[in-house]
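First up is the structure itself, then whatever we jot down about it.
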Protein chains: 2
Amino acid sequence: MGTPDTRQRILTAAEELFGQRGFQGVSIREITHLADANLASVNYHFGSKAGLIRSLVEHHLGSLNQERLDLLEQASANSGGATLPVEQILDIFFRPPVFRFVGPGRTFPGLLARLHNSCDPELIEVMLRVFGPLADRFLTELCRSVPHLEPRTLLARVNFMVGAMIHALAEGETMAQAFAGLEPRQQDPEFLTRQLVLFCAAGLRHE
Amino acid sequence: MGTPDTRQRILTAAEELFGQRGFQGVSIREITHLADANLASVNYHFGSKAGLIRSLVEHHLGSLNQERLDLLEQASANSGGATLPVEQILDIFFRPPVFRFVGPGRTFPGLLARLHNSCDPELIEVMLRVFGPLADRFLTELCRSVPHLEPRTLLARVNFMVGAMIHALAEGETMAQAFAGLEPRQQDPEFLTRQLVLFCAAGLRHE
DNA sequence: GGTGATATTAAACGATCGTTCGTTTCGAGC
DNA sequence: GCTCGAAACGAACGATCGTTTAATATCACC
């Protein structure tokens, strides 16, 4: 089997377990057991349990948000500075996380959803640092694209967007389908992205 | 000061603390300390820590969903069996939770958001039992009101709706405003309800 | 072959967790 | 006055938590 260095095995195991049961719901004994590593290796490689999840978040969300910023910059350049249509902005916003996080074995969205409701001040600080530049850039772009909304209204609706995406990513196949009595069919990233864009674009355009 | 029976004081304290830091993030020692009760009183009155949060969820969400079902039944009767407009259905769906949970001292939404991502099988069972009838009733009503959507699409978008509401309730004043650099102004329930209805109705109507 | 830095290991630490136990307090009913 | 059950209490239980320590293993390099 593929067993790279211990550090990477710990990260993989931690992502899976944190995504399933949250930060406080998983002990580093479980993580190191799944990673086939020693109990003390987490503290050796990451300093502490909090340092482990911090590495996890920075790695995943850092590159993800950089990809979104790059796509937005590129689209903005291609348009020659003209305001982008809402659908395009939203597609850039939704597509990277959906395609990264939807599918079998992608256990990060559960962790992402939990992080948004985290209480640990240290984790909140990480989230703000990782999401801050992204929020700034997309908000100004959306402000130009939907000028009829006052900032207060736009902010509220962007908050709806984020909630819709997180919820869909985190439990799209669990509770919602249990409610509807559907079979746990695999989610289609393209379908989900399209639905998110259509739903949220219509919601943003509305006066 | 108003100190009713111990059981009620425990419920109040638990709601506040669970809403702030989640089920696993709060010890029953903290709860009983805040409630000015003995450590063993939680196990005496609720059997266990899980029994405590179960009582909490059933009390809050049971009456809340009953109110929504009553409102929907009444609206359906008043319309003489005609299909209701989407905006009315959504208003009935959003208004009760928003007005109950938004405002100072309303600490339940954080708990609600966490419960939607809970991993405890027992809590999931409670959630399904409390939300099942509500989901059935609203989905059939929405299916009649937005007939152009196939069930799969409708289900995905209703999932967006739920996520938007939960996210707005749970952290409308924390992270979103921190991103935008806004002052933590008090949320207006009427504004939030209206925005949710407008945003989601437009999203649902879209082809 | 020895040396030193890096990595891994077993074992233990103190703290905190949820729960349980035996006792005491309290008030209504006879 | 007495009893009896509900309620509250202090104290302890066993378990598990994150973390630390000291010893051992691994391996490139001179």
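To find a chain, count down the sequence lines: A is the first, B the second, and so on, and within it residues start at 1. This one's a predicted model, so the numbers in the text were calculated from it and none came from an experiment.
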How long is the line joining CD1 of Ile31(A) and P of dT19(D), in whole Å?
-> 11 Å

Send over the distance from Leu39(A) CG to dG18(D) P, rounded to a whole Å.
-> 9 Å

Just say parallel, tilted or perpendicular for the rings of Phe93(A) and Phe138(A), cut-offs at 30° and 60°.
-> perpendicular

Compute whether any side-chain donor of one residue and acceptor of the other, for Gln66(A) and Asp70(A), lie under 3.5 angstrom apart.
-> yes

Rounded to the nearest 0.5 Å, how far apart are CZ of Arg194(B) and CZ of Phe199(B)?
-> 15.0 Å

Nucleotide dG18(C), atom P - distance to CG of Leu17(B) in whole Å | 12 Å

Write down the distance between CD1 (Ile28(B)) and C1' (dT16(C)), rounded to a whole number of angstrom.
-> 12 Å

What does the inter-axis angle of the helix from dG1(C)-dC30(D) to dC30(C)-dG1(D) come out as, five pairs per end, nearest 10 degrees?
-> 10°

Any idea which of dG10(D), dT20(D), dC17(D) is nearest the Asn38(B) side chain?
-> dG10(D)

Could you please name the option among dA12(D), dC17(D), dT19(D) that lies closest to any side-chain atom of Glu30(A)?
-> dC17(D)

Under 4.0 Å between a side-chain N or O of Ser27(B) and OP1 or OP2 of dC17(C)?
-> yes

Lys49(A) side chain: which of dA11(D), dG18(C), dG18(D) is closest?
-> dG18(D)

How would you label the contact of Ser41(B) with the nucleic acid (heavy atoms, under 4.0 Å): base, sugar-phosphate, or nothing?
-> nothing

Would you say the side-chain atoms of Asn65(A) pair up with the backbone N or O of Val130(A), donor to acceptor, closer than 3.5 Å?
-> yes

Side-chain N or O of Thr6(A) less than 4.0 angstrom from OP1 or OP2 on dT8(C)?
-> yes

Atom-pair distance (CZ on Arg29(B); C1' on dT19(C)), nearest Å = 9 Å

Do Glu67(A) and Arg95(A) sit within salt-bridge range, that is, some charged N less than 4.0 Å from a carboxylate O?
-> no

Round to the nearest Å and state the distance from Arg7(B) atom CZ to dA6(D) atom C1'.
-> 14 Å

Round to the nearest Å and state the distance from Gln24(B) atom CD to dG18(D) atom P.
-> 11 Å

Should the pair Glu87(A)-Arg205(A) be classified as a salt bridge under the 4.0 Å nitrogen-to-oxygen rule?
-> yes

Tyr44(B) side chain, from C-beta outward: closest of dT19(D), dA7(D), dG18(C) | dA7(D)

Ala40(A) side chain: which of dA8(D), dT20(D), dT19(C) is closest?
-> dT20(D)

Rounded to whole angstroms, how far apart are CG on Asn43(A) and P on dG14(C)?
-> 17 Å

Would you tell me if any nitrogen or oxygen in the side chain of His45(B) comes within less than 4.0 Å of OP1 or OP2 on dA8(D)?
-> yes

Are Arg137(B) and Glu141(B) close enough for a salt bridge, meaning some N to O gap below 4.0 Å?
-> yes

